[in-house]
Amino acid sequence: MILSILKEVEVQKSGMDCLDCGNCRKGETVYYCPARNDFVIVDGITRIKERKTSSSSSEHERTERRKKLRRERGSLRGAS
């Protein structure tokens, strides 16, 4: 919130009128500012996306299903 207020003040200081588009308030690291007619890169915001680790039981179930389907398909191919 404070960051967006500072951005608006910066736009007003530079002699441009804020068009109140809301892009600077979304908290993104890069956004388009129509008042500046330029893209703005915000320093100091670091986002780390962690990988989702699948639970071992669900991964095991999927693996077993895949193996079972392969076995069934293989036995059907040889039967013809």
Side-chain angles (χ1 to χ4, degrees):
M1 172 96 178
I2 294 173
L3 187 62
S4 65
I5 294 171
L6 291 174
K7 297 290 181 194
E8 288 179 23
V9 169
E10 186 178 318
V11 169
Q12 291 172 357
K13 282 182 181 178
S14 63
M16 294 179 269
D17 294 326
C18 181
L19 301 177
D20 200 29
C21 65
N23 290 345
C24 58
R25 295 185 194 105
K26 292 181 181 177
E28 300 292 327
T29 55
V30 178
Y31 64 90
Y32 179 75
C33 179
R36 294 181 183 181
N37 195 23
D38 198 9
F39 285 91
V40 178
I41 300 173
V42 180
D43 292 331
I45 296 177
T46 304
R47 293 187 183 166
I48 300 173
K49 293 185 179 181
E50 295 183 19
R51 290 185 180 180
K52 290 185 179 180
T53 56
S54 61
S55 63
S56 60
S57 63
S58 65
E59 182 66 31
H60 180 69
E61 290 171 6
R62 269 183 275 169
T63 304
E64 289 300 317
R65 258 186 272 133
R66 262 197 315 264
K67 286 180 181 179
K68 183 180 175 184
L69 287 171
R70 286 181 190 159
R71 275 188 241 126
E72 289 173 359
R73 283 189 218 138
S75 64
L76 291 176
R77 289 182 191 158
S80 59

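Numbers here simply count residues along the sequence, with the first being 1. Only this structure's heavy atoms are used, side chains among them; waters, hydrogens and symmetry mates stay out.
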Q) Shortest non-hydrogen contact from D17 to A35? A) O-CB, 3.3 Å
Q: Could you grab the distance from atom CD of E61 to atom CZ of R66, nearest 0.5 Å is fine?
A: 12.0 Å
Q: Apply the test side-chain contact (heavy atoms from CB on, under 4.5 Å) to residues C33 and F39: give CA-CA distance (whole Å), side-chain angles for both, the deciding distance (0.1 Å), then the verdict.
A: CA-CA 6 Å; C33 179; F39 285 91; over 6 Å; no
Q | Distance (rounded to the nearest 0.5 Å) between K68 NZ and R73 CZ | A | 12.5 Å
Q.
So does Y32 get a backbone contact from the side chain of N23, meaning a donor-acceptor N/O pair under 3.5 Å?
A. yes
Q) Measuring from C18:SG to R36:CZ, what's the distance to the nearest 0.5 Å? A) 10.0 Å
Q: State the CZ-CG distance between R25 and D20, to the nearest 0.5 angstrom.
A: 4.5 Å
